[in-house]
Protein chains: 2
Amino acid sequence: MADPAPWSNEISAREWIDRGGAQVVLGVDGGGTNTSCVVMECAEPKSGSDSVACGNVLGGGSAGSSNYHSVGEETAHRAIEAAIAKALSAARVPRAAVQRVCMGMSGVDRPSDIELVLGWIRSIFPDPTVDVSVHNDAIAALATGTGGKLHGCVLIAGTGTIAYGVAEDGRTCRAAGAGPALGDRGSGHAIASEALSAVMRADDGRGPETKLTGAILAKLGLSKPEDLIGWAYKDHSWARVAALVPVVKDTAAAGDAVALRILEEAVEELASTVEAVVRRLKLGGEDGTASFPLVLVGGVLSDGSFVAEKVTRKLTEKYPHAKAVISKQDPAVGAAMLAWQDHTKRMSSNK
Amino acid sequence: MADPAPWSNEISAREWIDRGGAQVVLGVDGGGTNTSCVVMECAEPKSGSDSVACGNVLGGGSAGSSNYHSVGEETAHRAIEAAIAKALSAARVPRAAVQRVCMGMSGVDRPSDIELVLGWIRSIFPDPTVDVSVHNDAIAALATGTGGKLHGCVLIAGTGTIAYGVAEDGRTCRAAGAGPALGDRGSGHAIASEALSAVMRADDGRGPETKLTGAILAKLGLSKPEDLIGWAYKDHSWARVAALVPVVKDTAAAGDAVALRILEEAVEELASTVEAVVRRLKLGGEDGTASFPLVLVGGVLSDGSFVAEKVTRKLTEKYPHAKAVISKQDPAVGAAMLAWQDHTKRMSSNK
């Protein structure tokens with residue numbers, strides 16, 4: 001691995017204090033493809049800052065997937081460690097300056113998941129005065145699109161997909177997020193899997209011809225559809241499959257009917273995932289006309305894409321006062337914002 | 001493992017010859033759930049035997065999955081070894097009496113797959129005078145339903161699914177058979193995955209309520225849908241998922257609309273898989289009215305089941321002279337029949 005040994009470039013706490021360095025919080029976004037970490041200063045935001053409730057970001061770092069359901073515990077743990085080490089090193093902040101860590105982790109929902117990740121962070125920050133919170137990545141993603149307010153519905157569609165909602169009275173609920181084996185449709189993994197299936201089906205006559213065949217084989221450096229069998233079962237990483245989404249988007253944009261149909265089905269699935277959350281939390285009020293933030297995040301929903309545009313249109317037709325935002329901010333910043341808010345609350349209550 | 005050490009109960013070649021024992025062939029069916037082996041005597045079939053081209057079966061044995069794409073090479077190799085050892089032990093036949101081995105293996109199609117399996121068998125039977133042939137399991141399954149004649153189309157739907165056809169002029173083709181990651185719909189794995197997805201979708205409001213929830217949780221000893229997440233990602237074996245098919249069948253039979261819809265979709269997929277093969281090989285002639293055997297095999301297509309009945313009806317509507325047979329015979333017997341035929345051909349040509 002090319003990752004630096006954790007903490008190798010770290011300066012000491014003493015050096016940091018002598019330089020007048022502030023205390024910091026860390027936000028970590030642990031996804032199915034990447035893990036990223038940002039270091040945020042525990043100070044009032046600069047005036048004129050875009051963000052309503054956000055300290056200054058001093059640096060960031062990233063590593064591989066930390067969804068342990070996909071890559072296993074050891075790899076996930078190491079990815080988090082590497083992302084934190086790189087971020088602190090880039091920000092030139094010592095570990096001793098960290099006051100609070102907020103994790104937004106994909107695949108983490110159950111108390112046992114949370115305990116597992118807490119254990120990993122405690123092994124990096126054994127000091128019990130460092131507060132650690134572990135959330136599903138959806139919470140952090142929602143925060144990025146609402147200026148730090150926990151209200152509304154976020155739809156994430158990257159390697160996996162989940163919709164997560166928070167009502168103004170604090171009720172929460174989610175839909176999807178259980179991974180490809182349990183009905184997560186519309187995710188990057190699902191879109192790419194459908195595309196791979198379409199290639200095989202065109203090849204043996206079960207389905208129509210599609211330009212996905214040439215495009216996917218070229219992307220993977222394979223010569224015929226049959227070669228996909230060896231490729232598909234060599235490695236069970238979901239991210240590796242989801243990495244074919246840009247090929248599907250390009251092929252659809254070039255007018256291929258099969259690729260377009262796959263994206264249209266993803267739109268239906270993603271919209272119905274959001275609707276399940278909005279309906280249960282009554283985010284649109286009794287009649288669907290109340291206003292609420294709708295935050296779209298992830299590679300499948302990138303700004304200006306066919307899927308993002310159609311999902312937004314479909315949902316705003318149903319909920320005309322939903323305020324749709326395609327969030328471009330790193331969910332790690334959302335996690336850091338949550339950590340920062342919790343930290344400033346604690347500081348206020350201690351005064 | 002409770003398997004006996006290979007060859008532990010085997011008698012010697014000398015003892016066998018002294019007893020007047022005949023030479024034998026082995027047929028092996030290596031599937032995604034089980035591997036079974038039968039020992040067939042190299043003698044003319046008993047008069048009055050049902051089978052047109054079949055020696056007498058002296059014994060059989062079985063072990064776990066030997067689809068190496070699913071369980072890995074080491075486990076697959078060991079399963080084949082165990083099934084052969086058990087069968088020879090049950091038949092009380094020594095290894096030295098084996099003249100020919102015919103393997104019908106799921107997941108084996110490409111020359112590299114065949115070489116791999118040949119290597120495993122050669123390590124068990126190093127004597128170069130023992131002939132070994134390795135086929136896709138579909139070839140052996142077809143033989144079970146046609147009395148040993150290689151003509152027609154076989155549809156296998158067990159843990160996985162594949163349709164394989166042989167034209168009278170010897171042309172062959174297949175559809176599906178590339179596993180769950182590459183568009184095999186209608187398989188046991190696909191049916192059970194849809195059922196698991198339906199449970200999750202009912203739970204979070206994306207889909208309608210279904211009695212599959214109670215039935216599947218009871219079967220797995222879990223208390224709530226969320227517990228399926230831990231269950232689903234603990235183990236990547238396809239057979240473990242496909243083992244839920246009887247629950248889906250029972251729930252559909254009890255009138256659950258969601259379970260019924262899953263089986264109806266499987267019927268559509270399985271019928272279209274067969275049609276892709278029949279169309280390409282023109283098994284039904286130019287106008288679809290020619291006669292050909294249609295052999296249905298595997299747990300999903302068990303005799304009298306909803307899926308077997310509907311698939312048969314759908315296909316015989318389209319190809320009125322297709323002769324549909326639900327084969328109850330162990331595909332290992334089909335593999336042994338092929339070995340026996342090849343052996344008797346060689347014996348005749350040597351005379």
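Numbers restart at 1 for each chain; the letters A, B, ... are given by sequence-line order, proteins then strands. On a predicted model such as this, the values are computed, not experimentally measured, just so you know. As a basis for the values below, the full set of heavy atoms in this structure was taken, side chains included, without hydrogen atoms, waters or symmetry mates.
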Go through A:Val277, A:Val199, A:Val241, A:Ile229 and name the one with the most non-hydrogen pairs under 4.5 angstrom from chain B. A:Ile229

Identify which of A:Pro180, A:Cys173, A:Ala176 forms the greatest number of heavy-atom pairs closer than 4.5 Å to chain B. A:Ala176

Contact part of A:Ala232 toward chain B, heavy-atom cut-off under 4.5 Å: side chain, backbone, both or neither? side chain

Please state whether the side chain, the backbone, both or neither of B:Pro225 comes within less than 4.5 Å of a heavy atom of chain A. neither

Side chains of A:Ile262 and A:Leu212, heavy atoms from C-beta outward: is any pair under 4.5 Å? yes

Nearest-0.5 Å distance, CG of residue B:Leu244 to CD1 of residue B:Ile216: 5.5 Å

Part of B:Ala163 lying under 4.5 Å from any heavy atom of chain A: neither

Which distance, rounded to the nearest 0.5 Å, do you find between the CD1 of B:Ile156 and the CG of B:Leu301? 9.5 Å

Nearest 0.5 Å, please: how far is CD1 in A:Ile162 from CG in A:Leu155? 10.0 Å

Toward chain B, the part of A:Ala198 with a non-hydrogen atom under 4.5 Å: neither

Nearest 0.5 Å, please: how far is CE in A:Met105 from CD1 in A:Ile139? 14.5 Å

Using 0.5 Å steps for rounding, measure from the CG atom of B:Leu228 to the CG atom of B:Leu217. 5.5 Å

Inter-chain polar pairs, chain A versus chain B: which donor-acceptor atoms lie under 3.5 Å apart?
unit_1	atom_1	unit_2	atom_2	d
A:Ala176	N	B:Asp204	OD2	2.8
A:Ala178	O	B:Tyr233	OH	2.6
A:Gly179	O	B:Tyr233	OH	3.4
A:Ala181	N	B:Tyr233	OH	3.1
A:Gly183	N	B:Ser197	OG	2.9
A:Gly183	O	B:Arg201	NH1	3.3
A:Gly183	O	B:Arg206	NH1	3.0
A:Arg185	NH2	B:Glu194	OE1	3.0
A:Glu194	OE1	B:Arg185	NH2	3.0
A:Ser197	OG	B:Gly183	N	3.0
A:Arg201	NH1	B:Gly183	O	3.4
A:Arg201	NH1	B:Glu269	OE1	3.3
A:Arg201	NH2	B:Glu269	OE1	3.0
A:Asp204	O	B:Arg280	NH1	2.6
A:Asp204	OD2	B:Ala176	N	2.8
A:Gly205	O	B:Arg279	NH2	2.7
A:Arg206	NH1	B:Gly183	O	3.0
A:Tyr233	OH	B:Ala178	O	2.6
A:Tyr233	OH	B:Gly179	O	3.4
A:Tyr233	OH	B:Ala181	N	3.1
A:Glu269	OE1	B:Arg201	NH1	3.3
A:Glu269	OE1	B:Arg201	NH2	2.9
A:Arg279	NH2	B:Gly205	O	2.7
A:Arg280	NH1	B:Asp204	O	2.6

Just do the side chain to side chain contact (heavy atoms under 4.5 Å, CB included) check on B:Met103 and B:Val108 with the steps written out, would you? CA-CA 10 Å; B:Met103 312 289 298; B:Val108 164; over 6 Å; no

Nearest 0.5 Å, please: how far is CG in A:Leu283 from CG in A:Leu294? 9.5 Å

Contact between A:Phe292 and A:Leu281 at the side-chain level, heavy atoms closer than 4.5 Å - yes or no? no

